[in-house]
Number of protein chains: 2
Amino acid sequence: MTDKIELTAEVKQMALIAKAMSHPVRLYILKKLSTMNACCYSGDLVEELPIGRSTLSQHLKELKFAGLIQGEIEPPYIKYCLNKENWAKARELFAQLFDNQNNNALKKLNL
Amino acid sequence: MTDKIELTAEVKQMALIAKAMSHPVRLYILKKLSTMNACCYSGDLVEELPIGRSTLSQHLKELKFAGLIQGEIEPPYIKYCLNKENWAKARELFAQLFDNQNNNALKKLNL
DNA sequence: TCTATATTTCGCAAAATAACGAAATGTTTA
DNA sequence: TAAACATTTCGTTATTTTGCGAAATATAGA
């Protein structure tokens, strides 16, 4: 009988991050925050997305829970931005999975 | 009143891929198939993973549904491997999201 | 203090997911 | 043909997710 493997904390963490990314609305938000390196307000998002306020709030909560974004209180708004540290961690986890060769090439360039 | 955005097919497809990756067992399988560029059998997996056969079968089905793996019948086994084309597509989608600068650097190297 | 604004929390319903064991399918070998 | 093996499908249950509107919270400005 071969031994059972215990799934590592790393795999579990990455699955959590993937789960946060597994909804089109959440991915849209992440894309928006990352590609322009910008921040945004819940009110901006609710105007462009085809969902209600409370639903959006839930999605933001999940992104926060996964550590991918953070909210700064900027009365009367809450400004949401990427959590850069965790975003970099996530990038690394996905690069590791997808892109071993390319990733090594990058290291040689000291980027 | 600002116009609502229709979520793009690309975002939806990426969300689907992320969903397939959002469970530790499925991520473990993908990691295994990608890092050694190997294939494996359901029987191998069920021996090392802490889940039952039918549950594993469901997970494999979901990975197939997302297009990330494919099964070749090799009696009496079914050999599961990455779907390389879709895997490359997924890599690109995530690289685009995470890694714009690095990605551009790679393109300059013609890797 | 009262009102308007921005956002979240609550309570709910519908749908999807995860897991299991039993039964079914299909193939190989005795 | 019968038995053994690998894997999937089915039926079920428990849990989680998604979405909404109403109510709550908190702040800003009149």
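Convention: sequence-line order gives letters A, B, ...; per-chain numbering from 1.
For Met21(A) and dT17(D), the CE to C1' distance is 19 Å, given to the nearest whole Å. Rounded to a whole Å, the OH atom of Tyr41(A) is 15 Å from the C1' atom of dT5(C). If you measure from atom NZ of Lys61(A) to atom P of dC20(D), you get 17 Å, rounded to the nearest angstrom. In this entry the distance linking CG of Leu63(A) with P of dT18(D) reads 11 Å, nearest Å. Remark: C1' of dA6(C) and CG of Asp44(A) are 11 Å apart, rounded to the nearest angstrom. Phe65(A) has its CZ atom 13 Å from the P atom of dT18(D), to the nearest Å. Rounded to an integer number of Å, the gap from CD1 of Ile69(B) to P of dT7(D) is 12 Å. As rounded to whole Å, 11 Å separates atom C1' of dT8(D) from atom CD1 of Ile73(B).
A continuous path of Ile, Leu, Val, Met, Phe, Trp and Tyr side chains, each step under 4.5 Å between heavy atoms, connects Leu93(B) with Ile17(A), placing both in one hydrophobic cluster.
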Side chain to side chain contact (heavy atoms under 4.5 Å, CB included) between Leu82(A) and Ser34(A), worked out | CA-CA 7 Å; Leu82(A) 284 186; Ser34(A) 70; 3.7 Å; yes

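Each of dT9(D), dT8(C), dT9(C) was ranked by its minimum atom distance to the side chain of Leu60(A); first place goes to dT8(C).
Annotation: Tyr41(B), atom OH; neighbour count of heavy atoms from other residues, nucleotides and ligands within 6.0 Å is above 12. The environment of CD in Glu74(B) is crowded: more than 12 heavy-atom neighbours from other residues, nucleotides or ligands sit within 6.0 Å.
Distance alone, capped at 3.5 Å, is enough to place a donor-acceptor pair between the Asn86(A) side chain and the Gly67(A) backbone.
A salt bridge is defined here as a Lys NZ or Arg NE, NH1 or NH2 lying under 4.0 Å from an Asp or Glu carboxylate O, and Lys12(B) with Glu6(B) meets this definition. Checked for salt-bridge contact, Lys4(B) and Glu48(A) miss the test: no charged N lies under 4.0 Å from a carboxylate O.
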How would nucleotides 14-21 of chain C be written as a contact map, 5' to 3', with B for base contact, S for sugar-phosphate-only contact and - for no contact, using protein heavy atoms under 4.0 Å?
-> ---SSSBB

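Contact between the side-chain N/O atoms of Tyr77(A) and the OP1/OP2 oxygens of dA26(D) is not found at any separation under 4.0 Å.
Taking the nucleotide of DNA chain D with the nearest heavy atom to each of Pro75(A) and Leu56(A), the more 5' of the two is matched to Leu56(A).
Separation of the Phe94(B) and Phe98(A) ring centroids falls under the 6.0 Å cut-off.
Computed from C1' positions of five pairs at each end, the angle between the two local axes of the helix from dT1(C)-dA30(D) to dA30(C)-dT1(D) equals 10°, rounded to 10 degrees.
Side-chain contact check for Tyr80(B) and Glu72(B): no donor-acceptor pair (N or O, by modelled atom type) lies under 3.5 Å.
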